Amino acid sequence: MRTHTCGELRSEHIDSETTLCGWVDSARDHGGAVFLDLRDRYGKTQVVASPEGGLELVEQASRLRAEDVVRVTGRVAARPEGTANPKLATGEIEVRISSLEILNRSKTPPFSPGTTDLPGEDLRLRHRYLDLRRPQLQKTMILRGQIIKTMRDYFAEHQFIDVETPVLGRSTPEGARDYLVPSRVSPGRFYALPQSPQLYKQILMVAGFDRYVQIARCFRDEDLRADRQPEFTQLDLEMSFVDADDVMGMIDGLMARLARDLLGQELSLPLPRMTYQEAMERFGHDAPDLRFGMELVDCSELAAQCEFRVFREAVESGGRVRGLNAKSAAAEFSRKRIDELTDVVKQDFGAKGLAWFRVEADGKLWSPIAKNFDEAWLARLAERMQARAGDLLLFVADAWSITCKALYGLRKRLGSDLKLYSPGTMHFSWVVQFPMFDWDADQQRWVAMHHPFTAPCNEDVDLLETDPSRARAKAYDLVINGSEAGGGTIRIHDNVQQQRVFDLLGIDAETARDRFGFLLESLQYGAPPHGGIALGIDRIVMLFAGLDSIRDCIAFPKTQRATDLMTEAPGEVDRRQLEELGLRVLPITDKR
RNA sequence: GGGGCCGUAGCUCAAUUGGUUAGAGUACUGGACUGUCGAUCCAGUGGUUGCGGGUUCGAGUCCCGUCGGCCUCGCCA
């Protein structure tokens with residue numbers, strides 16, 4: 001139908017005949033001549049209908065509106081002196097058309113793909129086909145394709161085998177809430193959509209595949225966030241006869257390739273690594289944003305010696321007093337803005353309050369609570385915080401975990417408010433040696449921090465018996481710009497050790513056998529040491545594209561309530577469908 | 001489940017903080033125009049202020065509920 005795309009023609013094509021197809025991006029009707037910008041995914045080209053082509057042609061062109069689909073034929077011509085458009089790649093030329101065919105008319109669109117005032121996201125999602133016409137979204141989807149292709153190439157070069165695993169699986173007790181699929185043939189029974197292909201890929205290692213990779217769709221029925229969708233895509237892989245370094249090294253290579261090919265950025269390898277413990281101490285979070293400093297400073301020792309009860313008692317009751325120094329930010333943060341920060345820290349992270357000091361020109365600390373401290377102590381605090389005139393010091397005195405959350409939240413917010421990093425910067429690193437377990441106070445039991453198949457660090461194996469809280473796992477998370485881009489572990493390949501971990505987690509033998517007996521059984525038939533990782537592709541695309549929302553990286557994303565505004569999924573089903581499945585929907589009673 | 005922001009013309013927004021007939025830009029419709037490229041100029045159409053209730057002489061504005069979108073804590077790796 002066409003000889004060229006709308007992004008293709010240049011001066012060298014002048015005087016040749018061409019046929020283009022595309023959408024009318026804009027139409028400028030001058031009465032005599034009509035200028036059309038024709039758009040397709042490759043670009044835009046200006047085509048001109050003028051009386052030389054016939055009055056009927058001009059008349060036809062003048063009736064065109066935005067998003068009509070047309071096919072035009074004409075001669076490529078240089079634009080008249082002074083009318084070239086430097087904003088278009090094809091701006092040196094235009095197509096003087098001799099014929100115009102309307103392939104399809106468009107209703108007046110609710111918004112134009114070229115709009116600068118982006119409409120509300122609900123409207124964009126409802127008319128996703130229009131939103132996806134926007135160059136920005138097309139660019140992101142193209143980038144996504146390139147990232148996936150690079151991944152596939154890379155792993156093929158490294159002898160990985162792409163294996164598909166089932167989407168209809170069975171529900172596992174731990175982890176996220178499952179999406180369930182009722183079975184018609186086995187009434188009352190349910191499949192679960194995979195949260196990840198975890199168990200299958202371990203079985204593939206037992207089966208001797210040695211290196212497995214898959215681009216796998218995963219499902220988790222949990223509440224959504226800007227960077228979380230109920231169905232998402234993972235680059236999932238598993239390797240045999242490896243330790244954590246081997247897996248991380250493999251991903252290091254992938255990241256270097258991606259950064260070089262897609263960002264033009266050379267990474268120096270190996271990527272930096274930090275232990276979980278260090279990350280929590282220095283940044284209060286297991287996925288620290290290392291694009292800027294402003295690290296947390298522990299002032300607990302000092303606080304224990306001060307007169308201020310809030311500080312002293314926080315330490316005496318086993319908590320911490322930690323702070324951070326927002327360099328040169330005192331002027332920028334009015335009392336009102338600090339109050340806002342205080343609200344965030346209290347409401348979102350459960351902190352009791354936020355203490356703050358402004359560093360005066362003479363280096364002294366000023367604060368509404370300064371009267372609670374003697375001057376010598378304040379001087380020591382200033383020194384510990386490396387305070388300089390104009391700095392703003394913020395402190396949280398609370399339980400360890402609350403100081404982590406609150407200061408992490410503050411640091412993240414200040415980092416972006418104070419523009420402590422430039423938007424184009426990308427920082428890749430690893431966080432390693434996560435704790436094996438978390439204590440669940442509600443259920444009074446240990447829960448696996450990653451998943452129950454994670455192997456402990458060799459030197460911590462005995463801690464499983466003596467002090468599980470201190471046992472560290474062979475776990476590693478890939479962190480990009482303060483986002484968890486992926487995570488993996490070395491797995492337990494020994495049936496006895498696996499049983500021991502289940503015991504510790506309070507998963508009794510019967511449950512274990514019922515839910516993943518097949519895995520335990522397979523481990524008894526010569527399972528090789530193995531481990532792997534899964535990378536969140538949607539997030540990686542988001543980070544590489546410099547976007548804030550994962551929805552902008554997925555062609556057809558869901559809303560925060562996990563609905564699709566275009567298809568209106570989830571939808572109701574016929575009574576007959578339910579009957580076939582042996583299901584009955586309970587009446588929705590309020591507040592059960 | 002909790003906290004917060006938002007919802008006014010097809011779209012993006014405004015409406016002097018409770019006051020008379022809810023405006024602008026854009027889109028759309030009609031007209032003018034042969035060098036525009038966010039075309040321009042003239043004219044016009046377009047409103048259940050998300051929905052329901054309440055307070056008030058009077059509600060886009062205040063209150064309660066509800067629906068929807070977003071951010072976030074919990075949740076989730």
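Computed over heavy atoms, backbone and side chain alike; hydrogens, waters and symmetry mates excluded. Every value quoted in this text rests on a predicted model; they were computed, and no experiment measured them. In what follows, chains carry the letters A, B, and so on, assigned in the order in which the sequence lines appear, proteins first and then strands, with residues in each chain numbered from 1.
Side-chain N/O atoms of A/K405 include one lying less than 4.0 angstrom from OP1 or OP2 on B/G74. Here A/Q195 does not reach the OP1 or OP2 of B/C76: none of its side-chain N or O atoms lies under 4.0 Å away. Under 4.0 angstrom from either OP1 or OP2 of B/A39 there lies at least one side-chain N or O belonging to A/S26.
A/Q347 contributes no side-chain N or O that forms a donor-acceptor pair with the base of B/U72 under 3.5 Å. Residue side chain A/R220 does not reach the base of B/C76 through any donor-acceptor N/O pair under 3.5 Å, judged by distance alone. No hydrogens or angles were tested; on distance alone, nothing pairs the side chain of A/D348 with the base of B/C73 as donor and acceptor under 3.5 Å. Below the 3.5 angstrom threshold, one finds a donor paired with an acceptor across the side chain of A/R225 and the base of B/G74.
Protein atom CD of A/E121 is 14 Å distant from nucleotide atom C1' of B/C5, rounded to whole Å. One atom, CH2 of A/W430, and another, C1' of B/A77, lie 14 Å apart when rounded to the nearest Å. Rounded to whole Å, the distance from CD on A/E340 to P on B/C5 is 12 Å. Atom CG of A/D343 and atom C1' of B/G2 are 16 Å apart (whole Å). The distance from atom CD of A/E81 to atom P of B/U36 is 13 Å, rounded to the nearest whole Å. As a whole-Å value, the separation of A/E568 CD from B/G68 P is 12 Å. Whole-Å rounding puts the A/L118 CG to B/U12 C1' distance at 10 Å. Protein atom CG of A/D227 is 9 Å distant from nucleotide atom P of B/C71, rounded to whole Å.
Comparing B/G23 with B/C37, their C1' atoms are spaced 30 Å from each other, to the whole Å. Using atom C1' as the reference point in both B/A59 and B/A15, the two lie 14 Å apart (nearest Å). Taking atom P on both nucleotides, B/C13 is separated from B/C75 by 35 Å, rounded to a whole Å. Straight-line distance between the C1' atoms of B/A22 and B/G46: roughly 14 Å, to the nearest whole Å. Rounded to the nearest Å, the gap between the P atom of B/C28 and that of B/A39 is 10 Å. Separation of the P atoms belonging to B/G50 and B/U61 is 8 Å when rounded to the nearest angstrom. To the nearest whole angstrom, the two C1' atoms, one in B/C6 and one in B/U49, are 14 Å apart. Taking the P atom of each, B/G10 and B/A27 are spaced 16 Å apart, rounded to whole Å.
A salt bridge does not link A/D223 with A/R228: every distance from a Lys NZ or Arg NE/NH1/NH2 to an Asp or Glu carboxylate oxygen is 4.0 Å or more. Salt-bridge annotation for A/D398 and A/K405: absent, with no side-chain N of the basic residue lying under 4.0 Å from a carboxylate O of the acidic one. Taking the charged nitrogens against the carboxylate oxygens, A/E67 and A/R39 do have a contact shorter than 4.0 Å, which makes a salt bridge. One finds no salt bridge joining A/E52 and A/R96 here, because no Lys/Arg side-chain nitrogen approaches an Asp/Glu carboxylate oxygen to under 4.0 Å. Ion pairing of A/D131 with A/R134 is present here, as a side-chain N (NZ or NE/NH1/NH2) and a carboxylate O approach within less than 4.0 Å.
Using the Watson-Crick or G-U wobble rule with both distances under 3.5 Å, B/G74 pairs with nothing in any strand shown. With a 3.5 Å ceiling on both atom-pair distances, B/A14 lacks any Watson-Crick or G-U wobble partner. Nucleotide B/U36 has no partner under the Watson-Crick or G-U criteria, as no pair reaches both atom distances under 3.5 Å. Across every strand in view, B/A59 sits unpaired, with no contact that passes the Watson-Crick or G-U test at under 3.5 angstrom. If you check B/G52 for Watson-Crick or wobble pairing at under 3.5 angstrom, you find it paired to B/C64. The partner of B/C28 is B/G44, judged by Watson-Crick or G-U wobble contacts that both fall below 3.5 Å. Remark: B/U21 base-pairs with no nucleotide; criterion is Watson-Crick or G-U wobble with both hydrogen-bond distances under 3.5 Å.
Residue A/F111 and nucleotide B/C11 are not classified as a stacked aromatic pair, given the requirement of ring centres less than 5.5 Å apart at an interplanar angle below 30°.
Comparing atom distances between the A/P119 side chain and each of B/C75, B/C11, B/A77 picks out B/C11 as nearest. Ranking B/G74, B/U72, B/U36 by closeness to the A/R79 side chain, first place goes to B/U36. When each of B/C71, B/U36, B/G69 is scored by its nearest atom to the side-chain atoms of A/L565, the top-ranked nucleotide is B/G69. Closest to the side chain of A/R551, from the set B/A77, B/C70, B/C75, is B/C70. For A/Q560, the side-chain atoms get nearest to B/C70 when compared with the rest of B/G68, B/A77, B/C70. In the set B/U12, B/A77, B/C71, B/U12 carries the atom at the smallest distance from any side-chain atom of A/D117. Distances were taken from every side-chain heavy atom of A/D122 (C-beta onward) to each of B/C70, B/G69, B/G35; the shortest belongs to B/G69. Each of B/A77, B/G69, B/C37 was ranked by its minimum atom distance to the side chain of A/D37; first place goes to B/C37. Checking B/G74, B/G69, B/G35 against every side-chain atom of A/T83, the shortest atom distance belongs to B/G35.
The environment of NZ in A/K44 is sparse: at most 12 heavy-atom neighbours from other residues, nucleotides or ligands sit within 6.0 Å.
Taking the six-membered ring where tryptophan is involved, the planes of A/Y129 and A/H127 are perpendicular, since the angle between them exceeds 60° and thus also 30°. Ring geometry for A/H285 versus A/Y408: interplanar angle under 30°, hence parallel rather than tilted (30 to 60°). Note: A/Y276 and A/F434 have tilted aromatic rings, judged against thresholds of 30 and 60 degrees for the angle between ring planes.
Position along RNA chain B of the nearest nucleotide to A/K558 versus A/G487 favours A/K558 as the more 5'-ward residue. Toward the 5' end of RNA chain B, the nearer of the two residues A/K87 and A/P110, judged by each one's closest nucleotide, is A/P110.
Using a 4.0 Å heavy-atom criterion, one finds that A/L123 contacts the sugar-phosphate atoms exclusively. Using a 4.0 Å heavy-atom distance criterion, A/E94 is classed as a base contact. Contacts of A/G350 with the nucleic acid, taken as non-hydrogen atoms under 4.0 Å apart, are absent. At the heavy-atom level, A/T115 lies nowhere under 4.0 Å from the strands shown. Across all strands shown, A/S62 has no heavy atoms under 4.0 Å from either base or sugar-phosphate atoms.
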Exercise. Which parts of nucleotides 28-34 of chain B does protein reach within less than 4.0 Å, heavy atoms only, written one letter per nucleotide 5' to 3' as B for base, S for sugar-phosphate only and - for none?
Worked result: SS---BB
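Looking only at side-chain heavy atoms (C-beta outward), A/M274 and A/V432 stay at 4.5 Å or farther from each other. The shortest side-chain heavy-atom distance between A/H530 and A/K201 does not fall under the 4.5 Å cut-off.
Atom CD in A/E222 sits 9.5 Å away from atom CG in A/D178 (nearest 0.5 Å).
Glycosidic conformation at B/U17 (O4'-C1'-N9-C4 for purines, O4'-C1'-N1-C2 for pyrimidines): syn, within 90° of 0.
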